[in-house]
Amino acid sequence: RAAVEGARAGCRSSRACMRAVGLLYATQTGNTETVAGVIAEATGLEATPIDDVGAADLAGYDGLIVGTPTWNTGADELRSGTTWDDY
């Protein structure tokens, strides 16, 4: 929740800025987490594991940057093997 409020505060008086952007990721091997960290550093956002976010929390964001592994992408279900498969 603090990340959402911080993002909103940083966009005051800016019409071009999305007010609350979530940087959410899931990982199996650590690669997606590493990339999320690079994006976080470049944007000033906080990278948050999707395991730490509930479905109701997603409605509080104006935009999402989503990182998910490509493990098991040939499957019909449970494509990533992470919490993203629950959504």
Side-chain angles (χ1 to χ4, degrees):
R1 197 79 186 138
V4 172
E5 294 306 317
R8 288 186 178 182
C11 290
R12 287 194 179 114
S13 301
S14 174
R15 292 182 185 198
C17 184
M18 280 202 259
R19 298 207 168 169
V21 177
L23 172 54
L24 308 173
Y25 71 91
T27 190
Q28 286 190 347
T29 63
N31 291 334
T32 307
E33 181 177 14
T34 299
V35 172
V38 170
I39 294 169
E41 188 175 319
T43 62
L45 296 171
E46 179 182 348
T48 304
I50 189 62
D51 298 334
D52 296 347
V53 178
D57 298 326
L58 296 176
Y61 293 105
D62 294 319
L64 297 174
I65 299 171
V66 173
T68 186
T70 57
W71 189 267
N72 199 28
T73 56
D76 290 333
E77 296 179 356
L78 305 175
R79 292 181 183 244
S80 72
T82 67
T83 302
W84 283 119
D85 295 329
D86 298 338
Y87 288 95

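Scanning all heavy atoms of the two residues, the minimum distance from Leu45 to Ala40 falls at O-CB, 3.2 Å.
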Show me the side-chain donor-acceptor pairs of residues 31-38 shorter than 3.5 Å, one per line, residues at least two apart or across chains.
{"from": "Asn31", "atom 1": "ND2", "to": "Thr29", "atom 2": "OG1", "distance (Å)": "3.4"}
{"from": "Glu33", "atom 1": "OE2", "to": "Tyr25", "atom 2": "OH", "distance (Å)": "3.3"}
{"from": "Thr34", "atom 1": "OG1", "to": "Gly30", "atom 2": "O", "distance (Å)": "3.0"}

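Side chains of Leu58 and Leu24 form a contact here, defined as non-hydrogen atoms less than 4.5 Å apart.
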